[in-house]
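This report refers to the structure that appears directly beneath it.
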Amino acid sequence: MRILVLNAGSSSLKYRVFDIAARRETVVGKGTVERIGFPDSPVHDHTEAVQEALRTIGDVDAVGHRVVHGGERFKESAMIDHSVELAIEECSPLAPLHNPHNLACYRAARKLLPHLPQVAVFDTAFFQSLPPHVYLYALPLEYYERDHVRRYGFHGTSHRYVSAKAAEALGIAPEEAKLITCHLGNGCSVCAIEGGRAVDISMGFTPLEGVVMGTRSGDIDPGIIFHLARAKGMALGEIEALLNHQSGLLGLSGRSNDMRDLVQAASSGDVRAELSIEVFCYRIRKYIGAYWAVLGGADAVVFTGGIGENSHAVRDRIQQGLGCLGGFLALVIPTNEELLIAQDTARLVSGRGRTLTPR
Ligand code: ADP
């Protein structure tokens with residue numbers, strides 16, 4: 001079965017084609033359409049981007065979409081029909097920069113390949129197992145009940161994929177594994193997983209919460225926002241841009257959001273680069289310690305994402321001082337969100353229902 005996986009960002013569309021055979025998956029095509037909607041770009045919107053992708057890939061049997069926000073409705077991946085399409089649209093206010101593009105890609109694929117089944121795989125679904133005391137903020141409860149303000153978590157496909165792979169590598173049944181997974185890419189998140197289910201995640205209502213990221217601040221005192229508005233007269237949009245695009249490693253270092261640049265600069269004596277790496281590692285260490293307590297110990301701490309997979313120095317630094325936890329295995333597992341989307345799609349399309357554990 002050939003599965004097309006579409007992963008739409010606000011101005012890019014990554015696509016990959018998998019040939020899924022029994023217990024073996026091969027990538028048979030891939031590419032990225034960039035600069036969607038830029039004034040000088042020939043690709044005006046996501047519909048044209050899907051058209052562009054389809055030009056090169058040959059026949060496929062089904063399409064799997066990464067969908068960022070599934071709200072509280074989607075606890076697992078779903079075949080897209082009219083009611084699922086409407087529900088994804090209803091979640092758009094929670095992810096206004098993502099869900100509309102994911103939907104545009106679904107609609108374009110439906111138009112261009114009208115007979116093919118399509119599946120949505122949600123970034124948030126893995127965290128629908130969080131209990132209320134974990135997902136609730138201490139706001140008046142109406143803000144959850146009426147306005148859906150709660151912790152949702154993101155990067156679910158990656159945490160789910162690497163945790164299953166880690167259990168396999170450890171030779172532990174997924175139902176028995178206790179894991180702390182650290183997805184450290186441009187966006188970063190840390191997740192506590194027990195028995196194949198997420199029990200806590202560092203990202204919250206939006207991907208802003210949690211550890212320090214490339215350009216996102218991670219956890220800050222919300223009082224800072226009011227202070228910046230009052231004392232500096234900053235507009236809400238300016239503060240939002242500050243926290244999402246000018247903070248994190250970029251803001252602290254004043255140099256780059258790319259960890260490779262910072263490691264190199266720090267080794268040549270750049271004090272701000274060194275400090276930004278220290279803040280980054282310290283915050284992750286705190287989350288690992290907290291999740292260790294939440295889980296009552298863990299079989300392994302798993303690193304993934306561009307930084308987690310490639311930077312020995314950063315992994316070592318995060319683990320400094322964690323010896324107090326009494327010893328744990330640190331594993332490096334390359335993530336593969338597209339593969340998990342393809343596997344879920346193949347499973348749902350061939351009527352095999354859901355499986356929370358990827359192969
Ligand atoms: P995205 O979240 O956009 O998918 P990636 O998972 O590719 O991002 O991660 C990007 C990050 O990984 C960048 O900060 C990059 O510097 C970092 N990275 C990649 N290779 C290395 C390396 N060898 N050492 C340190 N950081 C690395």
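Small disclaimer: the values here were computed from a predicted structure and weren't measured. Atoms within each ligand, like the ligands themselves, are counted from 1 in listed order.
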| said: Between the side chains of R317 and E274, is the shortest nitrogen-to-carboxylate-oxygen separation below 4.0 Å, so that they form an ion pair? | reply: yes
| query | What class does the angle between the rings of Y144 and Y135 fall in, given that below 30° is parallel, 30 to 60° is tilted and above 60° is perpendicular? | reply | tilted
| field | Set of side chain to side chain donor-acceptor pair (under 3.5 Å) partners for E176, sequence neighbours left out | value | none
| query | Checking R150 against Y152: charged group under 6.0 Å from the ring centre and within 45 degrees of the axis? | reply | yes
| task | Check the angle between the aromatic planes of Y291 and Y287 and answer parallel, tilted or perpendicular using the 30° and 60° thresholds. | result | perpendicular
| message | Between the side chains of R110 and E85, is the shortest nitrogen-to-carboxylate-oxygen separation below 4.0 Å, so that they form an ion pair? | response | yes
| task | Identify, chain by chain and in numerical order, each protein residue with a heavy atom under 4.0 Å from an atom of ligand 1. | result | G185, N186, G187, N257, D258, M259, R260, G305, G306, I307, N310, S311
